[in-house]
Amino acid sequence: MKNYLSFLTGCLLVAGTVPAWGQDTPPELVIRIDDMGAFHSVNKASVATYRDGIAKSVEVMPVAAWFPEAVKMLKENPGLDVGLHLTLTSEWENVKWRPLTHCPSLTDKDGYFYPMIKPNPNYPGQALTEHEWDIREIEQEFRAQIEAALQNIPQLSHLTGHMASTAFSKEVNELTLRLAKEYNLSCIDRMDSDKEYNFQYIGYTGPNKTLQDKESSFLASLEKLEAGKRYLFLDHPAYADDEMETVFHIGYENVAEDRQGVTDLLTSPCVKQAIEERGIRLIDINQLTKSLPRGEASKKLDKAVQKYLAAAKDKEQDLHSLMIVQHGKVLSANWMSEGREDEPHILNSISKTFTSTAVGFAIAEGKLNLDDKVISFFPDKLPAEVSDNLKEMTVRHLLTMNCGHDTDPTRDVRGKTDTDWVKEFLAWPVEHKPGTFFCYNSVGTYMLSAIVQKVTGEKIVDYLWPRLFRPLGIVNVRWEESPQGINTGGWGLYLKTEDLAKMGLLLLQDGKWQGKQILPEGWVKEASAAQVPSLPAGVRPEWLEKLKMTPKNSDWLQGYGYQMWRCRHNAFRADGANGQYILVLPEKDAVIVVTAHLQDMQAELNLIWKYLLPAL
């Protein structure tokens, strides 16, 4: 415990075993920075060490004065992994923090947090543990801080503790773990987090008082990183400006100079060069704690992947990424061309499957039904004359692309910025009886998004944060909106390759994640079934013979579910224009994810069936 507490108040390296790939993989390193929101100087330096340096994860403090500015900065930098720094102390002279709730057992006579957790000779009688603190008040305050952070920063991925606030007693440690599980957040700073995430704490290799000391010691630490292991480095950047010159506590008076050194270290060209030369892979805490487990691919699969990538190149298919998951583990991951592991990729119509998932949650929560009439949600947006076919259109018809339209109105509707898209959809002629004619219809999926927003009071991206994204460890989510402020639903979602693999694995596991039922029970089976006959987007039934398309040679004629396609080989998929795929193969207990920029998506699938499927 003594060593753990010294870790939390210092700047450290954490070493752990990679849950994947084996010992020949490069070392992986998290650069974690703390205390965003504490000061304007800290906010600026935190962003600088991310944009211009090597920082990958930051923790924010909702109790601090500069938290609102931190929120704005984090929205402008969505790639920076964000955690919550749970706070029960206010250590600095000249500036103090109060709790968000009424918790007198945690505060001094002036209503401020005590400066220390454990007794400190410089602050006699001013440590939290020198007073009769109430665990109920700690829970109340922790909950308030968590909910304030989530309300402002929905992509929050983890919890940490300021000055050991989460681990100064077994009771508090257990409370923190319970809250982390309840809110689907990882938690690093606990007594037992080293066991859960399999890492150990290691400090600087040498002195760290000056910038030269810091850089020398940090570079020495980099020299010790071993292949196949993960590490975490923690420190606190700021600038030596007028604001920070006023910040100190007894025993730590050179705060401005010290933290300027941290900023300089984390943006140092020679440090960045050393990381590159040693092949160290920078990751964030979300990756450290919520990445899919890795496994070792068979020689057969390795060879098949190489043949597939070579064949795709030969066919001039511009692939951006490929990830293969089998038996719950990532066996192969590749990025090429414009693909980047840590950058969200345009998904186009893969977005539809996420919209359908939001519908599934809303149905399970009793907010709507499959057979609800579409016009019932928008009585104020109906055309002057409502046709009988429009009256019959239901949520189910939108989900199955059977709303009755003869042609897809998407191109006409989405290009308009001065009209209401819902009104435009409802005014489009419904020439067929709903449920009798398949017409691929992206603005129909937009209507599903609008319906979910209407019945829940939340945009679907916000509705999915606690129900889907956070449980799966999906962060840095972006979804485009209509002029009316509704997520586009049928397109416009951006996620990373591994995020898609997580979604595919969730579907493969019938909506279960780590033993917990995330999606409504039975939803995946229903949504992935062939609910209706299907056609490629923009293709009419009478064209099939001329196009020489048959169920034997086309994956677009296998049937359509709730915003998911059936495939050959008893598989199903989410797909998006220009080559985006989540392929779920139940018979192989596998998921294949591809991102790309290409035109012939059937040719893309044909190569996957030819080279990858037989190797699984």
Residues Ser268, Glu215; criterion side chain to side chain donor-acceptor pair (under 3.5 Å); working and verdict: CA-CA 8 Å; Ser268 164; Glu215 192 167 276; 2.8 Å; yes
Is there side-chain contact between [X] and [Y], with heavy atoms separated by less than 4.5 Å?
X      : Y      : value
Phe142 : Gln140 : no
Val591 : Ile324 : no
Leu495 : Pro344 : no
Glu343 : Tyr494 : no
Tyr50  : Asn77  : yes
Leu288 : Ile188 : yes
Met73  : Lys44  : yes
Arg143 : Tyr183 : yes

Using atom types as modelled and distance alone, determine if a side-chain donor or acceptor of [X] lies under 3.5 Å from a backbone N or O of [Y].
X      : Y      : answer
Gln326 : Ala590 : no
Glu498 : Leu292 : yes
Lys512 : Ile518 : no
Ser165 : Leu86  : yes
Tyr123 : Ile250 : yes
Asp284 : Gln287 : yes
Lys214 : Gly261 : no
Lys96  : Ser90  : yes
Thr49  : Ser46  : yes
Thr87  : Thr89  : no

Mind checking side-chain contact (heavy atoms from CB on, under 4.5 Å) for [X] and listing every partner two or more places apart, or none if nothing turns up?
X      : answer
Gln151 : none
Tyr114 : Asp108, Leu128, His131
Ser321 : Trp335, Thr497, Thr595

Could you report the tightest heavy-atom contact between [X] and [Y], atom names first, then the distance?
X      : Y      : value
Ser186 : Thr289 : OG-OG1, 2.7 Å
Val82  : Ile153 : CG1-CG2, 4.1 Å
Val475 : Trp465 : CA-CH2, 4.1 Å
Leu74  : Met36  : CD2-SD, 4.0 Å
Met244 : Asp241 : N-OD1, 3.0 Å
Asn476 : Gly79  : ND2-CA, 3.6 Å

So for atom [atom1], which belongs to [X], do other residues, nucleotides or ligands contribute more than 12 heavy atoms lying within a distance under 6.0 Å?
X      : atom1 : answer
Glu257 : CD    : no
Asp110 : CG    : yes
Glu521 : CD    : no
Glu276 : CD    : no

How about [X] and [Y]: does a side-chain donor come under 3.5 Å of a side-chain acceptor?
X      : Y      : value
Ser41  : Glu243 : no
Gln145 : Glu141 : yes
Thr166 : Thr176 : no
Thr210 : Asp213 : yes
Glu91  : His162 : yes
Arg259 : Tyr239 : no
Ser221 : Thr205 : yes

For the aromatic rings, using the six-membered ring if either is Trp, is the centroid distance between Phe67 and Trp97 under 6.0 Å? no
Examine Phe218 together with Phe233 and report whether their ring centres are nearer than 6.0 Å. yes
Quick one: do Asp499 and Lys496 make a salt bridge, cutoff under 4.0 Å? yes
Ionic contact status for Glu139 with Arg136, cut-off 4.0 Å: no
Checking Val325 against Leu331 for the side-chain contact (heavy atoms from CB on, under 4.5 Å) test, could you report, in this order, the C-alpha distance in whole Å, the side-chain angles of both residues, the deciding distance, and whether it holds? CA-CA 6 Å; Val325 180; Leu331 302 184; over 6 Å; no
What pairs of donor and acceptor atoms, side-chain ones from residues 53-66 against any protein atom, are under 3.5 angstrom apart with sequence neighbours left out?
unit_1 : atom_1 : unit_2 : atom_2 : d
Ser57  : OG     : Asp81  : OD2    : 2.8
Ser57  : OG     : Ile285 : N      : 2.9
Glu59  : OE1    : Arg32  : NE     : 2.7
Glu59  : OE2    : His158 : NE2    : 2.6

For side-chain contact (heavy atoms from CB on, under 4.5 Å), just list the numbers for Leu493 and Val477, CA-CA rounded to whole Å, side-chain angles, deciding distance to a tenth of an Å, and then say yes or no. CA-CA 8 Å; Leu493 179 61; Val477 178; 3.7 Å; yes
Leu472 vs Leu506, side-chain contact (heavy atoms from CB on, under 4.5 Å): CA-CA, chis, key distance, verdict: CA-CA 9 Å; Leu472 270 58; Leu506 179 70; 4.1 Å; yes
Apply ring-ring contact (aromatic ring centres under 6.0 Å, His included) to Tyr463 and list each qualifying residue two or more places apart in sequence or on a separate chain. none
Tell me whether the rings of Trp92 and Tyr252 are parallel (<30°), tilted (30 to 60°) or perpendicular (>60°). tilted
Taking it one step at a time, do Leu266 and Val271 satisfy side-chain contact (heavy atoms from CB on, under 4.5 Å)? CA-CA 7 Å; Leu266 298 183; Val271 168; over 6 Å; no
Quick one, Arg278 with Glu223, criterion salt bridge (Lys or Arg N to Asp or Glu O under 4.0 Å). Give me CA distance, side-chain angles, the key distance, then yes/no. CA-CA 8 Å; Arg278 288 185 54 79; Glu223 289 294 323; 3.5 Å; yes
Using the side chain to side chain donor-acceptor pair (under 3.5 Å) rule, take Glu226 and Tyr231 through it: C-alpha gap first, then chi angles, then the decisive distance, then the call. CA-CA 9 Å; Glu226 300 177 24; Tyr231 301 82; 4.9 Å; no
Could you go through the side chain to side chain donor-acceptor pair (under 3.5 Å) check for Gln126 and Glu130 one step at a time? CA-CA 7 Å; Gln126 297 184 63; Glu130 292 178 299; over 6 Å; no
So which pairs with a foot in residues 464-473 pass salt bridge (charged side-chain N to carboxylate O under 4.0 Å, His left out), sequence neighbours left out? Glu365-Arg467
